[in-house]
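In what follows, a structure is listed as structure tokens, so that the remarks can point back to it.
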2 protein chains.
Amino acid sequence: MSLQHILLGLLAQPASGYDLKQAFQQRLSHYWAAELAQIYPALKRMQRDGLLTSRQQASDKGPRKRIYRRTAAGQRCLQQWLQSGPEVHSDRLSWLAQVAFLDTVPVAEQLDFFRLLQAEFERHRAQLQTIAADWSAQDPDCPEHLGGNDLFAHMTLRLGVTKYTTIIDWCSECLQRLEHADAKQAGSDHPTAS
Amino acid sequence: MSLQHILLGLLAQPASGYDLKQAFQQRLSHYWAAELAQIYPALKRMQRDGLLTSRQQASDKGPRKRIYRRTAAGQRCLQQWLQSGPEVHSDRLSWLAQVAFLDTVPVAEQLDFFRLLQAEFERHRAQLQTIAADWSAQDPDCPEHLGGNDLFAHMTLRLGVTKYTTIIDWCSECLQRLEHADAKQAGSDHPTAS
DNA sequence: CAGGTCATGTAATAAGTTACATGATTAA
DNA sequence: TTAATCATGTAACTTATTACATGACCTG
């Protein structure tokens with residue numbers, strides 16, 4: 001159950017469930033998502049288990065918040081997660097499963113599929129590049145000399161960009177292969193007048 | 001619910017639940033996993049919904065199997081899935097979330113983490129490369145002239161290899177950055193005798 | 001006859017999503 | 001005053017994992 005550990009990680013600063021949801025969107029959106037309906041019960045459970053404490057606090061805007069903070073046990077739990085080595089589960093990439101069965105639709109739709117996929121990942125990459133640009137605008141010699149959490153945040157950002165680039169390039173390659181195969185096919189069906 | 005659609009895709013040839021589990025391991029393992037405990041009920045439900053038919057059949061080895069095959073409705077359902085465009089959900093890469101919080105452990109463990117991660121993905125890549133090698137051993141001019149389902153199977157294989165390579169290279173980069181940052185840190189703590 | 005693989009299932013639990021319900025505060 | 005945002009939660013449902021139960025058949 002990684003959600004618990006991720007919440008502990010995000011709680012380096014005390015925060016409410018609502019704050020944490022925003023942190024997910026801002027910091028982890030391209031590799032983890034969580035709904036409020038999942039976050040609130042998780043926080044409650046973690047408090048019950050002694051990993052967190054909470055107290056209510058007036059907000060600058062809107063109603064009172066319930067602010068959570070890690071206990072010493074919460075700290076330990078986070079450390080253990082990180083010290084237990086990387087958690088690599090098998091991915092669930094349904095779009096890639098779709099590719100595996102794409103031979104059951106006509107070529108025109110195969111091409112559409114890859115074009116849509118490429119556009120989708122170009123959007124994803126653009127989002128990350130915007131973040132990266134903001135970052136280096138604020139701090140000119142950015143990739144160097146980053147310390148503490150910023151270093152790791154930058155690493156995850158960088159992997160995101162290169163991973164999306166890998167997929168975008170692969171889409172181009174697939175499109176070329178399909179066009180090539182399609183041309184050969186058309187050639188044998190309808191040989192030129194010669 | 002992609003599992004249903006993936007099962008439909010795998011059922012290009014009639015197969016039993018047990019056969020399908022093996023197909024998952026052999027064909028989709030690096031981007032989708034499914035347990036028998038998930039497959040059997042899914043097949044039952046799909047038959048109830050008219051997407052599949054089944055009949056019992058003696059096996060060459062072991063007890064009788066229940067062989068499933070797609071109905072016309074099942075075919076249509078698969079086509080619709082593919083024609084509805086790529087299904088891109090946000091990934092859940094807990095190891096990447098771990099990286100995001102790695103500033104809370106000592107440098108030595110940060111290094112260990114990336115070394116383990118790199119080794120893990122090197123294993124993954126090696127698996128795929130074995131498959132790719134078998135493939136081109138059987139068929140010398142393999143990447144060219146592939147048609148039908150083989151073309152798409154080859155595409156997914158290729159993405160797997162390049163994606164793992166991207167991650168492996170990124171690990172090297174991260175290790176370098178950490179060693180560099182650590183050297184600077186050590187330098188300021190313990191300046192050389194000069 | 002013991003251990004392995006083939007083969008099919010159920011039960012209990014965990015994790016995640018969608019929909020619903022409530023209410024405060026603030027800016028237009 | 002009305003829409004947006006802030007804020008917290010519950011209920012129902014779907015999806016996925018782990019553990020358990022059963023039994024046929026085959027090899028040594």
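The chains referred to below are lettered A, B, ... by the order of the sequence lines, with proteins before strands, and numbering in each begins at 1.
- Atom pair Q4(B):CD and dT14(D):P shows a separation of 12 Å (rounding to whole Å applied).
- A straight line from CD of Q56(A) to P of dG23(C) spans 16 Å, rounded to a whole angstrom.
- Within the structure, a side-chain polar atom (N or O) of K44(B) is placed less than 4.0 Å from OP1 or OP2 of dT10(C).
- Counting non-hydrogen atoms of other residues, nucleotides and ligands closer than 6.0 Å to CZ of R92(A) gives a total above 12.
- Within the 4.0 angstrom heavy-atom criterion, no nucleotide atom of any strand lies near R45(A).
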**Report entry** F121(B)/W170(B) under ring-ring contact (aromatic ring centres under 6.0 Å, His included): CA gap, chis, key distance, verdict
**Finding:** CA-CA 11 Å; F121(B) 283 114; W170(B) 172 81; 9.0 Å; no

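- Within 4.0 Å (heavy atoms only), A37(A) reaches at least one base atom of the nucleic acid.
- Looking at the side chain of M1(B), the nearest of the listed nucleotides dA7(C), dG9(D), dT15(D) is dT15(D).
- The side chain of E35(B) has dT17(D) as its nearest neighbour among dT17(D), dT10(C), dT8(D).
- Regarding contacts with the backbone of dT17(D), a side-chain N or O of R92(A) is found under 4.0 angstrom from either OP1 or OP2.
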Query raised in the report: Is there a side chain to side chain contact (heavy atoms under 4.5 Å, CB included) between Q13(B) and D19(B) once you walk through the steps?
Result: CA-CA 10 Å; Q13(B) 277 70 246; D19(B) 296 336; over 6 Å; no

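- I39(B) and I67(B) fall into different hydrophobic clusters, where Ile, Leu, Val, Met, Phe, Trp and Tyr residues are linked whenever their side-chain heavy atoms come under 4.5 Å apart, directly or through other members.
- Closest to the side chain of D19(A), out of dA7(D), dG9(C), dT17(D), is dA7(D).
- Distance L43(B) CG to dA16(D) P: 14 Å, rounded to the nearest Å.
- Using a 4.0 Å cut-off, no side-chain N or O of Q38(B) falls inside it from OP1 or OP2 of dT15(D).
- Y18(B) has no side-chain polar atom (N or O) that falls below the 4.0 Å cut-off from OP1 or OP2 of dT8(C).
- Atom pair Q57(B):CD and dC6(C):P shows a separation of 17 Å (rounding to whole Å applied).
- Computed from coordinates, the H5(A) NE2 to dA15(C) P distance equals 10 Å when rounded to whole Å.
- Between atom CZ of residue R70(B) and atom OG1 of residue T53(B) there is a gap of 11.5 Å, rounded to the nearest 0.5 Å.
- Contact annotation: Y40(B) side-chain N/O to dT8(C) OP1/OP2 distance is under 4.0 Å.
- Look at CD1 on I67(A): it is 12 Å from C1' on dC6(D), rounded to the nearest Å.
- The nearest whole Å value for the distance from the NZ atom in K21(A) to the C1' atom in dG9(D) is 15 Å.
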